[in-house]
Number of protein chains: 2
Amino acid sequence: MPAGDDATASRPRAATLRDVALLAGVSVATASKALNGRDNVHPDTRRRVVEAAERISFTPNSLAQAILAGSTGTVGLLTNDLEGRFSLPILMGAEDAFGAGQMSVFLCDARDDAIREQYHLKALLGRRVDGLIVVGSNTDPRPTLGTLPVPVVYAYAPSTDPQDCSIVPDNVHAGTLAVEHLLATGRRRIAHVSGDVRYAAARDRAAGAKAALAAAGLELVGGQVRYGSWSEEWGRAATHTVLDHEPGVDAILCGSDQIARGALDVLRERGIDVPGAVSVMGFDNWEVMISGTRPPLTSVDMNFETLGRRAAQHLVDAIGGSPAHGVETMPCRVVVRGSTARGA
Amino acid sequence: MPAGDDATASRPRAATLRDVALLAGVSVATASKALNGRDNVHPDTRRRVVEAAERISFTPNSLAQAILAGSTGTVGLLTNDLEGRFSLPILMGAEDAFGAGQMSVFLCDARDDAIREQYHLKALLGRRVDGLIVVGSNTDPRPTLGTLPVPVVYAYAPSTDPQDCSIVPDNVHAGTLAVEHLLATGRRRIAHVSGDVRYAAARDRAAGAKAALAAAGLELVGGQVRYGSWSEEWGRAATHTVLDHEPGVDAILCGSDQIARGALDVLRERGIDVPGAVSVMGFDNWEVMISGTRPPLTSVDMNFETLGRRAAQHLVDAIGGSPAHGVETMPCRVVVRGSTARGA
DNA sequence: CTGAAAGCGCTTACAG
DNA sequence: CTGAAAGCGCTTACAG
């Protein structure tokens, strides 16, 4: 158990440039120049200053530097994604794009609450972030934040304002890639079990899938997408229905990895060989959902980290004075595993 | 596709208190007092200043305020938890504890790389965070950051230095609670399939489980914990072994929800009724892993949000001059579902 | 090569 | 009640 401590043992305040200068016997201006590698500082002087700084563990106060520089080297990541499914890979991509340690990221979770979002926004602007990345919890368009004193990039969920810069996964293409993969592995009678039809992600993936089928002169088995919910349970229920009504089905394209898990379970229970008789595919390539499946699940990876890196790049460009506008879609990729290809 | 824009349409710089004062026709000092609710400002003056501030969307520069106040109202969350499994609930608990918007959080992912951690640490100290929360990726002790100019609270993974303040989930008690629940629902022949024995979490949970059994005059079926890996696959393999070697087993306590999923699958395949013949329990209560299981999985919730809130409270106390020391364990709770109790 | 001075945006005693 | 002055920690012309 932690025990309370006396508050009197007060923590030493952080060292200041003035402390360094005093210790090195130079002026604050000279100390500044010495530490920042400016010209016209005598080597001996520089060494004395650097040693003094090290001795007292001097770390320059970024706040003071920022106030002079007019930029803070911070960005705000405003998310509504409680699971961190999107925002964490995006954060990671962003850290990479900014260059490790160059930029620090404030992470704020608005919890899908507009009031809380405004609150965080106000705080971030007060802290003079150089820019903002806004991460939605799905790919449906979200209200723009409007005109702000700093650039904004919308990631995952696009802004409603086409003048804003938005980076979203290409769900239409994801659907196309999925069907192309199934066709390439010899499938012709493909069913599509997806999630909640109110999600753009579900409709976009279906649109891409249908387009790819049409290009091959085919259509979905049963003639329609079976929309439902983003759950294993729906995956199981719909798979039963598909198998009962479409005996010739040779592939089930599932709108998410969770739905695909449900499909795999039912196929296994009914003794149907995967991928021998029926192939199964998911979307998202969510490692934790996929790692245990039998057989390992083929899935479309939406490349969240790349998306995050791209969003960060756009933000850096915008901060540098070259903003972009409109919605940019990011390519995705099929990760082939045993549920669609023997020996994969 | 976003199109590049001319960099000349430069963004208007953020309004400053000087702008407000000019617009309201008062001095900067008076404007400051008016906006901060200080006494001795004429009501008319205050109104003029407030109106001016609103008109130009003035947001005070927190950097300047921080430099004077000596505290920034920011904390750093230094994590090694790539999945966000722990750090996001902890972040959320921390946001709550700090009071929404009072405190902004820098999230830095060190990716289990000591160099990167030092880099982020340096940046955070430069930004003069008021304190740090360090989140580990497991409950094994991690090296202390040593003495820093700001207070530090270690969450999930305790620090190796007992003088530091660490908040960890009580895995021993979790094991005890799990077994007590199984005993209370009439189980006597309990097997324990767990993850990698090198993890303190695995050993602690097992220790708690064995203690609870001993208190009831019992021991584990087979006399030992079956350690392996934190995977569904291991859950399946170990469950087969348990069923083959211990025909009378009436409960399988699994070291994680993933292991438990594997156990449930095998029991189902072998036609064994859950929970009629054999109960199954997991640890972590990871919603996304659990939501699809049949029957729904009983699991021990480690209360990460509470842990995060507690860590944040300790940090706030330490910032306020009342630091705590030592390792504090947080209670967990059993969430009962159908895998151990009919009709739950 | 070094340092005094000005200044970033703000707040807080202190005169008036 | 109001405002000029000092100052937080730093950097950058500008004199010397």
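Everything quoted here is computed from the prediction, not taken from an experiment. Lettering follows sequence order; numbering is per chain, from 1.
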ask   = Given that both distances must come in under 3.5 Å, which nucleotide forms a Watson-Crick or G-U wobble pair with C:dA4?
value =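 C:dA4 is paired with nothing.
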
inquiry  = Can you tell me the base-pairing partner of D:dA13? Count Watson-Crick or G-U wobble geometry only, both distances below 3.5 Å, and say none if there is no partner.
reply    =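 Pair assignment: D:dA13 / none.
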
Under 4.0 Å, counting only non-hydrogen atoms across every strand here, what does [X] touch: a base, just sugar-phosphate, or nothing?
{"X": "B:Thr16", "value": "sugar-phosphate"}
{"X": "A:Asn61", "value": "sugar-phosphate"}
{"X": "B:Val28", "value": "base"}

key: Shortest non-hydrogen contact between A:Pro151 and A:Asp130, atoms and distance   =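 Heavy atoms only, the tightest pair is CD-O, 3.5 Å.
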
Is the phosphate of [N], meaning OP1 or OP2, less than 4.0 Å from a side-chain N or O of [X]?
{"X": "A:Gln65", "N": "D:dG9", "answer": "no"}
{"X": "A:Asn36", "N": "D:dT11", "answer": "yes"}
{"X": "A:Thr45", "N": "C:dT2", "answer": "yes"}
{"X": "A:Ser27", "N": "C:dA4", "answer": "no"}
{"X": "A:Arg38", "N": "D:dT12", "answer": "yes"}

query = When you match B:His42 and B:Ile67 each to their closest nucleotide on DNA chain D, which lands nearer the 5' end?
reply =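 Its nearest nucleotide lies further toward 5', so the answer is B:His42.
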
inquiry  = Heavy-atom nearest nucleotide on DNA chain D for B:Thr30 versus A:Pro60: which residue maps closer to 5'?
reply    =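 Between the two, 5'-proximity favours B:Thr30.
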
query = Thinking salt bridges, do A:Glu305 and A:Arg310 make one under a 4.0 Å N-O criterion?
reply =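 Salt bridge flag = no for A:Arg310 with A:Glu305.
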
task = Please determine if A:Arg55 and A:Glu51 form a salt bridge, counting it only when a charged side-chain N lies under 4.0 Å from a carboxylate O.
result =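 So A:Arg55 does not pair with A:Glu51 through a salt bridge.
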
key: Atom pair distance, as rounded to whole Å: CZ in B:Arg18 and P in C:dG7   =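 Those two atoms, CZ and P, are 10 Å apart.
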
ask   = Between B:Leu107 and A:Val105, does a side-chain contact (heavy atoms from CB on, under 4.5 Å) hold up when you go through it step by step?
value = CA-CA 6 Å; B:Leu107 183 60; A:Val105 179; 5.9 Å; no

